[in-house]
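First up is the structure itself, then whatever we jot down about it.
Counting convention: from 1, in listed order, for ligands and their atoms alike.
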Amino acid sequence: MEQYIKEELKIPLSPSVDVLVAGGGIAGISAALAAARSGAEVLLIEKQCILGGLATAGLVTIYLPLCDGRGNQMSYGIAEELFHLSISQGVQERYPNAWLENGTKEERSKQRFEVQFNPQSMALLAEELLLKNGVKILYDTRICSVHMERDKVRALVIENKSGRSAVCAAAYVDATGDADLYWLAHGDTEEYKKKNTLAGWYYQNGREGVKLRILGFADAPEDTERDKGEALLKRRFSGLDGKENSELLFASHKATLEDIRQNKLKDDSFEPVTISTIPQVRMTRRLCGEYTLKESENDKQFEDSIGMVGDWRKRGMVYEIPFRCLYSGKIRNLIGAGRCVSVDDGMWDIIRAIPGCAVTGEAAGIAAAQTCDFSQLDRRALQDMLRKQGQKIHFAEAGLASDTFPVNTRRE
Ligand SMILES: Cc1cc2nc3c(=O)[nH]c(=O)nc-3n(C[C@H](O)[C@H](O)[C@H](O)COP(=O)(O)OP(=O)(O)OC[C@H]3O[C@@H](n4cnc5c(N)ncnc54)[C@H](O)[C@@H]3O)c2cc1C
């Protein structure tokens, strides 16, 4: 390909902050909030004009379960706080009454601790919450490149209406969903080889009021109790190629338009209310961390756990998340959160759900406020702070196992 050689870079540099959070999805919101509450000066950079990423702009509005499907809550802290925030202006669907109205354990084991929320309210409420906590937000701003100084990120080059400039921080959180910072910094990353099925989730209004229309399904494991559904298209998408992303959007828009036309024939009050403004891709690229958590490691206890998730697809499958999945020692002041942490393909499909993004985001945010060298972090201090903020770290704390179990062994 023909090459364009750029001129020497000479751009304005903003004053340095303690923590820079790249991306304002659920992981970025959680990281920014946790870092700010730990006393850090935080700047969050988001290329969209609202917070929430896939969960709001992407219209993925089902807050998947905080529980293990057997009546035990697994994810706490900011994951639980954002759950409540998302429905503080009203629940859309799937009200979990057994969980929110003191149901018995038997009742809770029959109902997952999940809910459907309003994306617009969630985006506005998250912004209000971050601003109240002193987080600075820069919208409509894209991170274009990462500048390294030896084994640390020195600055990010960003672009918005003011043109190009550079921003610096002591520590950086990659909450871009696609491990963009790791990739731009030439850190070790891995792509999701299977690629993504096409989705076209949108909101519509009609005889039954405003409803979420779910077009296109994820690849579901054989033994899941969840809807399996049909793929919209045979073609799959990486989510990592500029031209391909436009083709993904064309295909998603075409499927949406066809769906609207068909429904209008049956109900002339049917009308679209909102379509997604970002590509609806689940797994794209992840960082290769100090540890890669596997789907087969359910029930395994880790000394450096930062919190837990349940499998949204299968009851009784629970995971502790090791801190080592969040960073690679090769880039000392960069940490990942959300759907781009270090996991195998099976675990990716579990941790990418909203609770996993919030749990990893919270831990990354606190860690970033504590150190600018993640390989040297005092993990006990991180766990203490997480507990103080309401997170539960090990199975025993969620009432699942005895404290006497040695770490790095199975619970059962
Ligand atoms: C079709 C579909 C259905 C799903 N269904 C569910 C479900 O029912 N329930 C559930 O819990 N989860 C579901 N998920 C998964 C879940 O929604 C996402 O994995 C989760 O919300 C991701 O959060 P995140 O913060 O890690 O990433 P994202 O939401 O992707 O946020 C990343 C943010 O970073 C910003 N960003 C990226 N690059 C840059 C850059 N270079 N500069 C500046 N900003 C940048 C983006 O604009 C975005 O706001 C689904 C996902 C999809 C695609």
Side-chain angles (χ1 to χ4, degrees), residues 20-32 43-66 75 79 82-83 86 93-94 112 114-117 119 122-123 126 137-146 156-160 167 173-181 183-184 196-202 212 214-220 226-227 229 232 237 239-240 245 248 252 276-286 309 312-313 336-341 348-361 364:
L20 192 148
V21 178
I26 294 293
I29 293 168
S30 308
L43 172 65
L44 184 152
I45 295 181
E46 170 53 55
K47 67 182 163 67
Q48 304 288 324
C49 299
I50 58 169
L51 291 179
L54 279 165
T56 59
L59 305 180
V60 172
T61 53
I62 303 163
Y63 206 119
L64 280 172
L66 297 172
S75 307
L82 294 183
F83 185 99
S86 76
E93 281 185 24
R94 302 177 188 230
R112 302 296 307 253
E114 64 186 20
V115 80
Q116 192 181 313
F117 56 89
M122 180 58 176
I137 302 172
L138 209 46
Y139 279 136
D140 198 17
T141 302
R142 182 181 278 269
I143 295 155
C144 309
S145 62
V146 174
L156 304 182
V157 173
I158 58 171
E159 185 164 274
N160 55 25
V167 285
V173 181
D174 187 342
T176 60
D178 306 320
D180 278 9
L181 260 55
W183 182 70
L184 290 166
N196 291 268
T197 53
L198 184 70
W201 294 28
Y202 74 100
L212 175 65
I214 296 181
L215 300 186
F217 287 84
D219 301 305
R226 299 277 174 172
D227 294 344
L232 279 176
F237 300 87
L240 295 170
N245 268 359
L248 177 160
S252 173
S276 169
T277 49
I278 52 178
Q280 293 171 327
V281 282
R282 294 173 169 90
M283 282 101 79
T284 55
R285 181 170 52 214
R286 64 166 182 84
V309 285
W312 60 274
R313 311 156 311 171
R339 64 182 172 91
C340 58
V341 298
W348 211 342
D349 196 29
I350 298 167
I351 209 155
R352 71 168 173 86
I354 292 173
C357 294
V359 170
T360 53

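- Considering backbone and side-chain atoms alike, I26 places an N or O below 3.5 Å from some N or O of ligand 1.
- Distance check: I50 CD1 to T277 OG1 gives 6.0 Å after rounding to the nearest 0.5 Å.
- Nearest protein heavy-atom contact of atom 31 (O) of ligand 1 is G25 CA, 3.4 Å.
- Remark: minimum distance from atom 48 (C) of ligand 1 to any protein heavy atom is reached at E46 OE1, 3.4 Å.
- Scanning all protein heavy atoms for the shortest distance to atom 25 (O) of ligand 1 gives A27 N, 3.0 Å.
- The main-chain N or O of L181 is found under 3.5 Å from a side-chain atom of D174 such that the two form a donor-acceptor pair.
- Looking at residues two or more places apart in sequence or on another chain, you find no side-chain hydrogen bond (donor to acceptor under 3.5 Å, both in side chains) involving S86.
- The protein heavy-atom contact nearest to atom 26 (O) of ligand 1 is R339 N, 3.0 Å.
- Close to ligand 1: T141, with a non-hydrogen atom less than 4.0 angstrom away.
- In the candidate list G23, G336, G52, A175, A175 is nearest to atom 32 (C) of ligand 1, counting heavy atoms.
- In terms of protein heavy-atom proximity, atom 38 (N) of ligand 1 is closest to D180 OD2, 3.4 Å.
- The contact set between ligand 1 and V281, taken as ligand atoms under 4.0 Å from a residue heavy atom, comprises 53 (C).
- Under 4.0 Å from ligand 1, not a single heavy atom of N196 appears.
- Two residues are said to be in side-chain contact when any heavy atoms from C-beta on lie closer than 4.5 Å; Q116 and Y63 fail this criterion.
- Proximity of A199 to ligand 1, defined as any heavy-atom pair under 4.0 Å, is confined to the side chain (atoms from C-beta onward).
- With L20 as the partner, the side chain to side chain contact (heavy atoms under 4.5 Å, CB included) test is satisfied by one option alone out of L138, V173, V167: V167.
- I354 N, 2.8 Å is the protein heavy atom nearest to atom 11 (O) of ligand 1.
- For the pair W312 (side chain) and D349 (backbone), a donor-acceptor distance under 3.5 Å is present.
- Residues T176 and D178 have side chains that never bring a donor and an acceptor to within less than 3.5 angstrom of each other.
- For the pair R285 and W183, the cation-pi criterion (under 6.0 Å, within 45° of the ring axis) is fulfilled.
- In terms of protein heavy atoms, atom 9 (N) of ligand 1 is closest to I62 O, 2.6 Å.
- The option with the heavy atom closest to atom 45 (C) of ligand 1, from among R142, K47, Q280, R352, is K47.
- The protein atom (non-hydrogen) at minimum distance from atom 17 (O) of ligand 1 is V60 CG1, 3.2 Å.
- Under the 3.5 Å distance criterion, the side-chain polar atoms of E46 are left unmatched by any main-chain donor or acceptor of L51.
- By heavy-atom distance, the residue among I278, L64, L181, I143 lying nearest atom 41 (N) of ligand 1 is I143.
- The backbone N or O of I45 lies less than 3.5 Å from no partner atom in the side chain of Y139, so there is not a single donor-acceptor pair.
- For W201, every heavy-atom contact with ligand 1 shorter than 4.0 Å involves the side chain, none the backbone.
- Distance alone, capped at 3.5 Å, is enough to place a donor-acceptor pair between the W348 side chain and the R339 backbone.
- Within the structure, the closest approach of G58 to ligand 1 does not fall below 4.0 Å when heavy atoms are considered.
- The closest approach between a heavy atom of G24 and any atom of ligand 1 is below 4.0 Å.
- Salt-bridge annotation for R94 and E114: present, with a side-chain N of the basic residue lying under 4.0 Å from a carboxylate O of the acidic one.
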